[in-house]
There are 2 protein chains.
Amino acid sequence: MSKNLEDIARLAGVSRSTVSRVINGHPHVSELTRRRVMEVVKREGFFPNPAARTLVTQRTRVLGFITPQALPDVFADPYFPALIQGISSTANQYDYALMLWLGEGTEEEERFYHRIRQTGLIDGVVVASVVDDDPLIAHFVEDRFPFVLIGPPPREGLNSIDIDNRHAARVAVEHLIHLGYQRIGMITGWLKMPSARARLDGYRDALRMAGRSASDSRIAEGNFLEPSGYMGMKMLLHQDVDAVFCASDTMAVGAMRALHEERLRVPDDVALVGFDDLPISAALSPPLTTIRQPIRRLGSVATEALINLLDGALATPYHVLLPTELVIRGSCGALLKR
Amino acid sequence: MSKNLEDIARLAGVSRSTVSRVINGHPHVSELTRRRVMEVVKREGFFPNPAARTLVTQRTRVLGFITPQALPDVFADPYFPALIQGISSTANQYDYALMLWLGEGTEEEERFYHRIRQTGLIDGVVVASVVDDDPLIAHFVEDRFPFVLIGPPPREGLNSIDIDNRHAARVAVEHLIHLGYQRIGMITGWLKMPSARARLDGYRDALRMAGRSASDSRIAEGNFLEPSGYMGMKMLLHQDVDAVFCASDTMAVGAMRALHEERLRVPDDVALVGFDDLPISAALSPPLTTIRQPIRRLGSVATEALINLLDGALATPYHVLLPTELVIRGSCGALLKR
DNA sequence: TTGAAAGCGCTAACAG
DNA sequence: CTGTTAGCGCTTTCAA
């Protein structure tokens, strides 16, 4: 049904190879033939069969995006859409298509990996949201399959990109310190994830640099989700905190719920800082002070890095940390005069 | 580097065709050879080159998912992740891979469509979040390219699936009516989207069936997003409403913000019902009464339909409306004794 | 039940 | 500058 190179060649009165050359923009084609061929190509709405092309070039111009963890559980929020938007738009910009694999948890990583590889048809992958020592990574390394990581801390031989979680967390906590809070607690993310640990480190950094001891009794372990924020806050209230840094806005919402339930006010009784800057965060009452991350950008930069890697133009090892921004709203109150 | 059929054939002492038969599970292969071949295949970790296979079969076992609108703007929320999870997991279940295209708004639909088609490598697509008479659809129809729609109202010759927006909205508003509210307003979604209009219709249905006139002055046009909920509520307050049905939870959050600002209480001064059941909705104060939609399921069912379509096993025209669920929480209060 | 051989549509090396 | 030709790795008749 659909025409092929041969048909176009015949229609244009040239050979198959000439049409191929024209289509691929090779030099050494007379301006006249080029024009004649292009005309037929346009008229017939012809485009080369990608499978055939792939068969010989070994390139598909398709990228993959993989998240082994079932994302919507971990990042119930705009993280995933924003990331994927960044990846998608950059891929398109460089004329790549995008394939997607979401882990489901129900399936062993081993099978997951096989599904990805057997599908073939991808030149390289962006991998996000891995837990530590994800076996997936080991496989990619072993198979020498091109990939770029989003999220994990820089490591030997891996190309990766992330936001500066540790620094961002430090900034958040320093904000509380500057405002005069004395007993600052933290509700952490899911500590199996590097980002969660980095934020915890940042919290400790801030306290240490302010000459305070970071008592572990003021640290509640959460998992990024709302209920864990609620429970974490309940727990921290026994520790008499006057401010809490939450490793996600979602947990901050949970913390607020706990506070409301106890008839405590934000920020008067307990101040709150979140992390993410969700769309709703500005609409909470009080509006949440939080850390904004350039998630979309994260996806874009990772994708660009991958494409460069495929072109042999990436200076490896490649490690980038994107800066974040403290967004000050009402949940921390003004300078305390204590 | 990677082995091919020929290599495996040699290793197993059979011909290329026999290996192909074994791999594709054809009958008429002796149990003995089958076993011998499979052993070599396993040992060598062999899998057939998908491009070569596609070249001859004209099938890729790859599905596409397309959303022409830049989703994160329209559905700032879990809609997108949930939908894509449903699609992805069902595709995987049937041993299909998934490709993704997100519209960017910056690009004309014409080019968008070409990008998709030229990439080739997909057997069919699931299309979500189209506005009315999206030119994309016309193209697919014209090219006889297999697709299933998520979201639009049933239409001649198109296979589509959706939740029953109209009925769901009616249920939501009837809930308010039963509770005794008298002046029920609505903040609509982006009326260019069929789902937004269907919800508006449902609102009118409920009022009409209760023998009330649906005064348009109590309808505020929004766009699904938080700020439009805020503004819509501000406007409706002039209309002296005692309850408001919001076409999205996100707008309900905005509405709450407006109410707080005016020092009005929910539900005592104004009752609120949302639509979506976001994770945070249960955590609002008061917790939001809302409509829960089976978004993940929507993706799954659409994908299954597409796969059946590809297998020539779909009874067309195919139109399905998935049921929703009213989730009653605190934002509507108890039965009023008026 | 198995093998030989013909293509699927394209790129690229080689001649001319 | 252009055409001829040999594959890329697989499926699928057709014979045996």
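Each chain gets a letter, A, B and so on, in the order the sequences are listed, and its residues count up from 1. Treat the numbers as computed from the prediction; the structure is a model and nothing was measured.
- Using a 4.0 Å heavy-atom cutoff across all strands shown, B:Thr33 reaches sugar-phosphate atoms only and no base atom.
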(request) Start with the C-alpha gap between B:Ser17 and B:Ser20, add the side-chain angles, then the distance that decides, and say whether side-chain hydrogen bond (donor to acceptor under 3.5 Å, both in side chains) holds. (result) CA-CA 5 Å; B:Ser17 358; B:Ser20 175; over 6 Å; no
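- In this structure, the helix from C:dT1-D:dA16 to C:dG16-D:dC1 shows an angle of 40° between the axis at its start and the axis at its end, each fitted on 5 base pairs and rounded to 10°.
- Rounded to an integer number of Å, the gap from B:Arg59 CZ to D:dT12 C1' is 17 Å.
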(request) Could you encode protein contacts along nucleotides 7-16 of chain C as a string, one character per nucleotide from 5' to 3', using B for base contact, S for sugar-phosphate-only contact and - for no contact, with a heavy-atom cut-off of under 4.0 Å? (result) -BBBBBB---
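- Close to D:dT2, at under 4.0 Å from its OP1 or OP2, lies no side-chain N or O of A:Ser15.
- Following rounding to the nearest Å, B:Arg36 (CZ) and C:dT1 (P) show an atom-to-atom distance of 15 Å.
- The pair B:Arg35-B:Glu31 meets the salt-bridge criterion, with a side-chain N (NZ, NE, NH1 or NH2) lying under 4.0 Å from an Asp/Glu carboxylate O.
- Salt bridge B:Asp95/A:Arg111: absent, no basic N to carboxylate O contact under 4.0 Å.
- Between B:Arg35 atom CZ and C:dT1 atom C1' there is a gap of 16 Å when expressed in whole angstrom units.
- Among residues two or more places apart in sequence or in another chain, the ring pair (Phe, Tyr, Trp, His ring centres under 6.0 Å) test is passed with B:Tyr113 by B:His139, B:Phe140.
- Atom pair B:His28:NE2 and D:dA15:C1' shows a separation of 16 Å (rounding to whole Å applied).
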